[in-house]
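No experiment lies behind these values; they were computed from the predicted model shown. Atoms within each ligand, like the ligands themselves, are counted from 1 in listed order.
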Amino acid sequence: MNVIFLGPPGAGKGTQAVRVCERLGIPQISTGDILRRAMKEGTPTGLAAKSYVDKGELVPDSVVIDIVRERLAQPDCQNGYVLDGFPRTVPQAQALGEFASIDAVVNIEVSDEKLTARLSGRRVCLSCGGTYHVSTLNGATACEKCGAELIQRKDDKAETVLSRLAVYHAQTAPLIDYYAQRGLLKTVDGAQPMDACTAAILEALGEAK
Ligand code: AMP
């Protein structure tokens, strides 16, 4: 099953993608994770992406389209995948349509108010991708899964969060109509508790047991 997770930053796409991919035995392809890794390693792609990512702007379409095209050609994607954070613009969706066949698009809905609180309190592990919220960390500063230090992403600082939400509404939200018109859209309430959200996604995908 080839699936796209669509939704604003902070909707829980990454967290839910990990859970759903585990359940379905398919890889999670997160363009944000790929770009952050490239930035950390200082590759040419990482250096080109850094100024955009740090400001909460979108990296040029051509860069992310090439990343995804190469990644989807890998053997582990042949039985399906979840795209998390791609496409984010109509041209990206059009390009994707030329090299992939998408079975479903899960739109995870959350209000802007809730997103702002989630994102500004988010802490992440750059080593394993683990995601936490300050409200449940009880002052802990290390990743529960791998022990690495937790950080606040530069683009999760309050001022950048607002511009990311604006970018989402202007450039990514039009994909809701784009995929609805193609009969692929399944909308899920992302404000409900994490387990309920996972169950709703699996049900929408016809995989609930
Ligand atoms: P994310 O982890 O999905 O929130 O992505 C973090 C940042 O990476 C975004 O704010 C963008 O700067 C960049 N990024 C990730 N995916 C894309 C994409 N599909 N198109 C353009 N930029 C992207």
Asker: Could you check whether any heavy atom of R36 sits closer than 4.0 Å to an atom of ligand 1, since that is the contact criterion I want to use?
Answerer: yes
Asker: Look at atom 7 (C) of ligand 1 and say which protein heavy atom is nearest, naming residue and atom and giving the distance to 0.1 Å.
Answerer: V53 CG1, 4.0 Å
Asker: For atom 9 (C) of ligand 1, what's the nearest protein heavy-atom neighbour? Residue, atom name and distance, please.
Answerer: R88 NH2, 3.9 Å
Asker: Which residue and atom name correspond to the protein heavy atom nearest atom 16 (N) of ligand 1, and how close is it?
Answerer: T31 OG1, 2.8 Å
Asker: Quick test of your reading: applying side chain to side chain donor-acceptor pair (under 3.5 Å), list the pairs with at least one residue in residues 167-180, sequence neighbours left out, ordered by first then second residue.
Answerer: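 Qualifying pairs, neighbours excluded: D112-H169.
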Asker: Of all the non-hydrogen atoms in the protein, which one sits nearest to atom 20 (N) of ligand 1, and at what distance?
Answerer: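 Among all protein heavy atoms, the one nearest atom 20 (N) of ligand 1 is Q92 NE2, 2.9 Å.
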Asker: Near E144 CD, under 6.0 Å, is it more than 12 heavy atoms from other residues, nucleotides or ligands?
Answerer: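 Counting neighbours around CD of E144, 12 or fewer heavy atoms of other residues, nucleotides or ligands fall under 6.0 Å, so no.
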Asker: Does only the side chain of K13 get under 4.0 Å from ligand 1, or the backbone, or both, or neither? Count heavy atoms.
Answerer: neither
Asker: Among all the protein's non-hydrogen atoms, which is closest to atom 22 (N) of ligand 1, and how far away is it?
Answerer: V59 N, 3.1 Å
Asker: A side-chain contact here means heavy atoms from C-beta on lying under 4.5 Å apart; do N2 and Y81 qualify?
Answerer: yes
Asker: With respect to R153, determine whether any N or O atom, backbone or side chain, lies less than 3.5 Å from an N or O atom of ligand 1.
Answerer: yes
Asker: If you count the atoms of ligand 1 from 1 in the order shown, which ones are under 4.0 Å from a heavy atom of R164?
Answerer: 4 (O)
Asker: When you check the gap from the basic side-chain N to the acidic O, do R88 and D61 get nearer than 4.0 Å?
Answerer: no
Asker: Could you identify the single nearest non-hydrogen protein atom to atom 14 (N) of ligand 1 and state the distance to 0.1 Å?
Answerer: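 Of the protein heavy atoms, L35 CD1, 3.5 Å lies nearest.
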Asker: Following the transitive rule for hydrophobic clusters with a side-chain heavy-atom cut-off under 4.5 Å over Ile, Leu, Val, Met, Phe, Trp and Tyr, establish whether V105 and L24 coincide in one cluster.
Answerer: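 Cluster IDs for V105 and L24 differ.
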Asker: N/O to N/O below 3.5 Å, does that happen between P87 and ligand 1?
Answerer: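 Among all N and O atoms of P87, none is under 3.5 Å from an N or O of ligand 1.
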Asker: Taking the basic N atoms (NZ, or NE/NH1/NH2) and the acidic carboxylate oxygens, is any pair closer than 4.0 Å for R153 and D54?
Answerer: no
Asker: What verdict does the side-chain hydrogen bond (donor to acceptor under 3.5 Å, both in side chains) test give for D155 and T160, after you've listed the backbone C-alpha separation in whole Å, the side-chain angles of each residue and the deciding distance to 0.1 Å?
Answerer: CA-CA 5 Å; D155 59 342; T160 315; over 6 Å; no
Asker: Does D33 reach ligand 1 with a nitrogen or oxygen that is under 3.5 Å from one of the ligand's nitrogen or oxygen atoms?
Answerer: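 No; the residue has no nitrogen or oxygen that sits under 3.5 Å from a nitrogen or oxygen of the ligand.
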Asker: Pairing donors with acceptors under 3.5 angstrom, does anything connect the side chains of E109 and T187?
Answerer: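 Their side chains do not contain a donor-acceptor pair, so the 3.5 Å distance test is not met.
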Asker: Tell me whether the count of non-hydrogen atoms from other residues, nucleotides or ligands lying under 6.0 Å of CG in N79 goes above 12.
Answerer: no
Asker: Tell me, which protein residue and heavy-atom name are nearest atom 11 (C) of ligand 1, and how many Å apart are they?
Answerer: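 Going by distance alone, atom 11 (C) of ligand 1 is nearest to E57 O, 3.4 Å.
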